[in-house]
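Working notes for the structure below.
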Amino acid sequence: MLEVKDLRVNYKTQHGRPVTAVRGVSFTVPDHSFVGLVGESGCGKSTLGFAISRLLNVKRNEVSGYVQLNGKELLTMSDRELRKLRWSKIAIVLQGGMNAFNPVLKIKQQFMDVMRAHGKFRVQDMVERIGYLLEQVKLDREVMEAYPHELSGGMKQRVAIALSLVLEPELIILDEPTTALDVVVQRAIVDMLQDLQRRMKFSVLFISHDLGLVLEVAQRVMVMYAGDIIEDESADVLLKGGNHPYTKALLNCYGDPQSEEVRLVGIPGAPPDLSQPVVGCAFAPRCADAFAPCTLHQPPRVKTETGSICCHLYTEMKGGSKIGN
Amino acid sequence: MVDKPSLTSHHEDSTSVQLTEKVRKNPHFLSLLWANPKARIGIIMLCFFFAMAIFGPFVAPYSLADTNFPTSQTPSIVHWLGTTQSGQDVLTELLYGARISLFVGFVAGAIVILIAMFVGFVAGYFGGWIDDMLSLLMNVILVLPGLPLMILIAAYMPSHGIGEIILVMSITGWAFGGRSLRAQMLTMVQQDYVIAAKFAGERPLRIIFYEILPNMLSYIVANFFGAVVGAVLAEAGLEFLGLGNPSITSWGTMIYWAQSSDAMLSGQWAWILAPGLCIAGLAAALTFVNFGIDAVANPRLQGE
Amino acid sequence: MKYFMRKIVFFIVTIWIAITLNFILPRLMPGNPAQAMMSKFAQQGAITPSQEHALALMLGMPTGSLWTQYWQYLLHVCEGNFGVSYSFYPVKVITVIAGALPWTLTLVGLVTIIQFVVGTLLGVYAAWHRGRKFDSVATVLFSFTSAFPYFWIALLFIYLFGYILNWFPISGGYSGSLSPALNWSFVGSALYHSILPALTIFITGIGGSLLSMRNNMINTLGEDYILLGRAEGLSETVISIRYAARNALLPIVTNFAMTLGMVVGGSLLMETVFAYPGMGYLLSTALSNQDYPLLQALFLFITVSVLLANFAADIVYGFLDPRVRRGGAR
Amino acid sequence: MRRLKRNGMIVATLGVSLVALTGCGSNGNSATSPSPANTVNASQLVVGVDNGSPTFTDNFNPFAPGNRIGTSYIYEPLFFVNTINGKIDPWLATGYQWEGNKKLVLTIRSGVKWNDGTPFTAKDVAFTFDYLKQHPSLDWQGLWKVLQSVTTNGNQVVFTFNKPDVPAFYEIASTIIVPQHIWSKIAHPTKGLNSNPVGTGPYEVDTFTPYQYTLKRNPNYWQKGKVQVKKIVFPVLGNNQTAALNLSSGKWDWATLFLPNVKQTFVSKDPQYNQYWFPPGGIVALSLNLGKAPFNDVHFREALAYAINKTKIAQQAEDGYVATASQAGLVLPGQKQWLDSSLPNGGSYSYNLTKAKQILSQAGYHLNAQGQLVAPSGKSVSFSLEVPSGWSDWIQSAQIIQGNLKELGIQVNVSTPQYGSYSQSQAMGQYDAALTAYGGTATPFTSYDTLLNSKYTAPIGQNANADQERFNSAQTNQLLSSWRQATNQQIQLQDAYQIEKVMYQQLPVINLFYGATWSEFSSKKFVGWPSASNPYAPPAPYGQSPLMIMTHLRPQS
């Protein structure tokens with residue numbers, strides 16, 4: 001189980017103040033669960049994903065907080081330990097997959113590189129395993145002999161998923177895995193992913209800007225805005241409309257995911273400048289329902305029946321109980 | 001030369017994207033450049049050389065026409081860098097020489113970049129057979145070894161002077177810039193706003209100059225500086241071989257005179273050392289500025 | 001295959017253009033080189049008509065229409081017949097060049113390769129440890145050295161190591177008392193004589209390879225597959241070499257022609273300063289003697305050498321980059 | 001490159017080929033195993049003169065322009081002509097006699113052998129000249145334009161002329177002689193390499209590598225008692241800079257280089273032995289295109305002669321190694337026996353700016369408001385001055401002239417075209433002004449003839465082989481013709497005096513300074529070098545001087 005507590009990421013810039021891309025985020029990803037993480041471009045969701053897997057550039061980013069995988073603290077772990085743990089416990093699938101493969105190595109070799117980094121395998125066994133995994137993602141075994149440029153975007157994405165499974169990790173973080181693909185391919189991959197997750201019993205943190213897509217596959221969805229998770233709710237609740245005005249607005253953008261009709265309602269305004277301290281609710285300037293406290297105090301995180309939310313409006317109306325500080 | 005990476009980043013969340021946006025639109029490009037330590041060294045050095053070219057003649061200890069000093073002197077208090085075989089003060093020559101060296105470098109660089117822009121833009125914008133032909137031409141010129149080609153052309157030139165040197169360098173030097181600007185143009189024409197402008201029926205010239213050019217400025221400047229470096233070094237090489245006009249005073253002709261007057265034999269190390277250092281310094285200054293431009297334009301090179 | 005065919009066609013077209021350039025240039029410029037040669041022979045006084053006639057007979061002036069001459073010229077080039085050198089008369093140009101080519105090829109070729117390997121490795125190191133002391137010092141230092149004019153460094157070396165300290169010979173390719181042969185004393189002498197020239201190329205050239213490798217490498221380090229490699233828990237060595245350096249090398253191989261062109265150009269000047277018995281020194285003596293047949297042939301040989309090296313680089317590139325080898329788009 | 005150094009090389013080439021004709025030999029291979037040279041050997045002379053650029057070709061062919069300088073030590077002429085003073089020493093011929101002015105009889109030395117042991121005879125001499133006739137490309141002097149036949153009569157060779165040409169004697173005298181038994185079998189004299197030369201000279205080829213060759217003494221030499229240097233080593237010269245460094249570091253015993261501040265850079269390195277002598281060997285002059293205004297105005301030329309500071313040029317451009325040149329067109333002091341003593345000031349124009357201005361204003365020139373000189377025609381005077389690219393001392397001279405003439409209000413543009421274009425524009429008369437060299441010949445006749453004889457010139461736009469400044473004077477032509485036909489010394493002298501007057505008064509060219517023969521040598525191993533006090537030969541290691549010098553050198557005791 002992945003447990004994230006008060007995670008903060010500051011980007012250093014050449015000029016002026018650091019930008020706080022992730023502002024004290026806490027959440028958990030339980031075993032065998034499929035969790036979605038959604039938000040607009042620039043909201044910090046990918047940064048969050050990278051921070052969890054400790055892939056951010058140490059020199060340019062300050063990361064603080066706690067990230068624990070099955071009780072082991074990732075952020076302070078030694079490099080050697082971390083390297084061992086990577087991929088065998090926590091794997092990642094990158095956006096688009098276009099550049100996620102070394103262009104000069106065959107697919108097979110890239111699989112083998114990972115396996116060799118984590119143990120001794122006989123070539124024959126490795127080939128067998130790769131073939132099996134490729135079949136799992138509904139690809140031909142022969143694909144292992146191909147170079148990345150010889151594959152289509154959808155194929156590459158499948159290979160990326162197969163690659164993430166090679167050491168049977170407990171958690172897979174998928175960062176916009178389908179963004180560059182067309183809708184049909186996207187659907188096929190998402191379905192396959194869901195199927196794999198159910199069969200192989202790993203956990204998934206699925207990062208995407210496409211709330212509609214996430215709602216279809218995830219059990220639980222976290223909505224991120226301006227570096228913070230503003231709503232963390234079960235998919236069922238969100239499908240009914242959610243509680244946070246931002247979530248609602250996002251849902252409106254995509255229309256009713258269950259209906260054929262798509263209404264595009266843009267959200268006016270732009271996210272705040274994160275190099276300045278945020279006073280009050282970050283979404284307040286764009287929120288149609290904002291009232292006095294919104295611009296003054298940061299809304300506390302309160303529990304809902306199936307999740308949590310940060311919104312004065314909700315607290316006022318439901319009087320939910322605070323979590324944490 | 002450094003291969004110019006693409007402007008776009010794959011990590012949307014990274015703030016560097018915002019920086020890149022600033023590069024494109026923010027007028028404070030120079031202040032960003034200044035923030036880069038290497039670029040800062042480069043800019044300071046460059047300012048120094050420009051100051052030398054502008055004010056050199058005013059601060060020079062003697063007049064350039066003054067040829068009545070004892071000849072072939074080694075450095076002394078009176079002549080910091082010694083005197084030449086014809087009784088001129090080496091320091092004075094060095095200060096005056098900055099003008100010609102910078103002039104040749106920057107004029108040749110400007111011509112080179114103009115040709116490169118023209119050919120690169122035409123090839124990249126129009127594509128098709130025009131692109132094929134121009135690309136072939138550029139590749140051919142690129143693989144022909146530059147200096148031997150310059151020597152061959154210069155050898156047949158009836159006379160030698162600044163004009164001829166600039167001409168030779170312009171003929172042979174534009175292909176590198178042309179190729180990289182073409183590549184840049186190729187990615188630019190696929191940008192949405194360019195496609196939109198095309199559909200809106202804007203004329204190619206307008207699209208190139210109003211829509212595309214501003215977004216390519218950092219490339220053009222980098223290529224220009226690269227061309228200047230090439231021109232400064234090539235000028236020195238041609239002058240050294242006696243293919244320039246030795247009656248003018250530039251850093252290249254200074255080395256030419258120093259070696260043809262056996263400066264080494266008479267122990268006048270300063271006469272050889274100083275102009276070479278100036279050439280290297282000028283070229284290095286431009287390279288440093290280019291590092292800075294690169295770093296500002298290319299997020300991956302940042303944060304050093 | 002299409003890739004290689006294209007490269008071969010390009011190779012041939014470029015050689016043809018170089019040959020044609022060689023033919024056209026002298027004819028575009030005013031003044032008749034052969035005439036110049038004549039007056040040169042008769043420098044101590046003006047040339048008399050009988051001398052002019054004698055010389056014209058001796059040197060063999062081109063005749064016929066421009067097209068005939070061009071056709072003749074092409075044929076001669078194909079036969080390796082570049083005429084007779086003015087300054088080495090009656091030795092054929094091709095013989096003169098055959099004496100110089102090996103020296104340049106060996107020295108410049110070898111040092112360029114060494115310089116490239118060392119520079120590239122240092123570039124990898126600098127990029128991998130970006131921002132650390134080595135990187136900062138190396139980038140600044142090598143930006144300077146790569147801006148040094150070759151001939152200038154060569155002059156300083158001769159003065160310091162040859163004349164003042166007397167550690168190395170001032171000029172030449174080997175000791176005069178030896179005959180070129182494959183024995184230790186000759187090879188040793190040749191190596192000893194090549195140290196300063198080699199050092200010149202090395203010092204001025206290494207910055208270029210280092211800096212371009214460093215920058216490419218930094219670019220490559222920003223690629224997703226590097227990030228993924230880290231996430232996969234691959235070792236530093238595998239990531240830096242197999243993933244980053246291997247890919248960062250590709251654009252450098254593509255730009256080989258330019259790098260090589262610069263090194264060759266610089267080495268030519270270097271040879272002139274050291275009176276090294278190679279193509280560069282030959283070029284500058286041909287230049288000062290107005291030995292046009294030799295000059296033209298030298299340009300052609302240098303061009304063909306660079307082209308061949310470049311062609312080789314293209315082939316290597318084909319093997320290094322599967323996108324080219326396996327019929328991808330490029 | 002310093003132009004005069006370069007000139008040295010060219011003279012060397014010329015010396016051999018112009019004069020040449022002789023032959024050489026079969027294709028034996030003399031490049032045997034290399035001897036361990038470079039050890040300090042008191043009996044060998046190391047000569048830094050032959051520029052392989054970059055390496056040597058094994059060619060001792062006296063007819064080929066690109067031959068080895070060592071060729072000069074192997075083949076010999078009929079007479080040794082000292083170009084410094086015109087003195088003639090018998091060499092392969094012992095004497096000569098003019099019978100009228102159309103018949104020359106030479107007596108050939110007996111007891112001379114070719115270095116392959118074959119005796120040398122008058123037949124070889126006649127063969128050599130006939131060989132020139134058969135191969136017009138070898139007849140650089142155009143001797144067969146005036147010769148009718150060359151025949152032998154015992155040990156005599158008879159030259160019959162079809163028209164009188166007494167000065168042709170010098171060309172015949174310096175023609176080098178090749179063996180009939182070798183060259184009669186060679187059909188294309190210039191096309192082959194001659195790596196095993198057969199000559200009568202004091203040396204023969206010992207070893208050869210592309211970087212160095214050595215000559216050893218010819219055991220059959222006819223004056224072998226006089227030849228004491230056992231071995232001569234010719235290393236590759238290299239470029240000017242490295243050559244100067246090598247000379248300065250004492251690696252060579254004899255060289256011909258321009259060195260700046262020679263006392264410090266050469267003599268001081270070994271003051272006991274290191275010496276130099278730079279005797280004048282020609283005249284460097286400002287050539288003005290007489291076919292153009294205002295150069296066709298003798299007053300203008302005279303003003304220029306006064307306004308140019310020749311002393312400064314000699315001091316700065318030539319490091320003070322040379323003297324300013326007499327306007328008479330003679331290389332002094334060597335040719336002083338030809339000088340008309342009535343010429344004022346030895347025929348020299350001294351620097352006098354006031355006088356120059358005065359002459360100009362008397363001739364109707366004036367300065368305009370911008371300070372430019374305006375000719376009587378109303379045109380302001382400015383012109384370009386051409387100097388070959390890379391001849392740095394000439395360029396420097398031109399820059400000084402530029403500064404001098406600025407004082408007169410004349411704008412001079414110094415241009416440095418490639419040599420080819422430079423020589424072409426003079427040949428075609430399409431130039432304003434140029435620096436040029438002439439003179440230094442054994443008899444001043446040859447210099448005057450090529451400089452002044454209008455039969456060689458051509459209208460502007462057409463190729464003139466000589467007289468490129470386009471001087472045209474019937475009186476001068478007449479004087480030259482008279483001189484050409486005169487065997488009588490007095491008549492020759494009278495004609496010379498007249499021509500000197502023309503040179504002095506009409507200034508066809510403006511003489512600047514004497515071009516020097518650069519020569520540095522060390523007396524550490526050998527003494528007996530030529531000097532100003534004993535100018536028995538020009539001190540050059542090329543041309544025919546070595547024959548004379550090698551018979552004068554003796555070991556340092």
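Computed from heavy atoms alone, side chains included, the values below leave out hydrogens, waters and symmetry copies. Below, read A as the first sequence line, B as the second, and so on, with proteins coming before strands; counting in each chain starts at 1.
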Chain C contact via [X] - which portion, at a heavy-atom distance below 4.5 Å:
X: B:Ile141; value: neither
X: B:Leu282; value: neither
X: B:Leu149; value: both

Between C:Ile302, C:Asn310, C:Leu283, C:Leu307, the one whose heavy-atom pairs under 4.5 Å with chain B are most numerous: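 Of the options given, most contacts go to C:Ile302.
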
Please identify, among B:Leu142, B:Leu277, B:Ile41, the residue contributing the most non-hydrogen atom pairs under 4.5 Å to chain C.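 Answer, by heavy-atom pair count under 4.5 Å with chain C: B:Leu277.
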
Verify side-chain contact (heavy atoms from CB on, under 4.5 Å) between C:Trp152 and B:Ile279, making sure each step is shown before the conclusion. CA-CA 10 Å; C:Trp152 177 69; B:Ile279 292 168; over 6 Å; no

Parallel, tilted or perpendicular for C:Phe151 and B:Phe240, by the 30°/60° rule?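 Parallel.
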
Residue pair [X] / [Y]: nearest heavy atoms and the distance that separates them:
X: C:Ser143; Y: B:Ala284; result: O-CB, 4.0 Å
X: C:Leu268; Y: B:Pro148; result: CD1-CG, 3.3 Å
X: C:Ala147; Y: B:Leu233; result: O-CD2, 3.3 Å
X: C:Phe299; Y: B:Leu152; result: CD2-CD2, 3.6 Å
X: B:Gly281; Y: C:Phe144; result: CA-CE2, 3.9 Å
X: B:Phe291; Y: C:Asn215; result: CE2-ND2, 3.9 Å

Region of [X] in contact with chain B, defined by heavy-atom distances below 4.5 Å:
X: C:Ile153; value: neither
X: C:Ile17; value: side chain
X: C:Tyr150; value: neither
X: C:Val140; value: both
X: C:Thr139; value: both
X: C:Leu287; value: side chain

Interatomic spacing from OH in C:Tyr159 to CD in B:Gln268 - rounded to 0.5 Å: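 One gets 9.0 Å once the value is rounded to the nearest 0.5 Å.
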
Is C:Trp128 atom CH2 crowded by more than 12 heavy atoms from other residues, nucleotides or ligands, each under 6.0 Å away?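 Enclosed: over 12 neighbouring heavy atoms sit under 6.0 Å from CH2 of C:Trp128.
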
Can you list the steps and then say if C:Tyr163 with B:Leu265 is a side-chain contact (heavy atoms from CB on, under 4.5 Å)? CA-CA 9 Å; C:Tyr163 187 62; B:Leu265 201 57; 3.6 Å; yes

Can you check side-chain contact (heavy atoms from CB on, under 4.5 Å) on B:Leu147 and C:Val264, steps first, answer last? CA-CA 8 Å; B:Leu147 191 78; C:Val264 167; over 6 Å; no

So do B:Val143 and C:Phe11 actually touch side chain to side chain, heavy atoms under 4.5 Å?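 Side-chain contact under 4.5 Å: no.
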
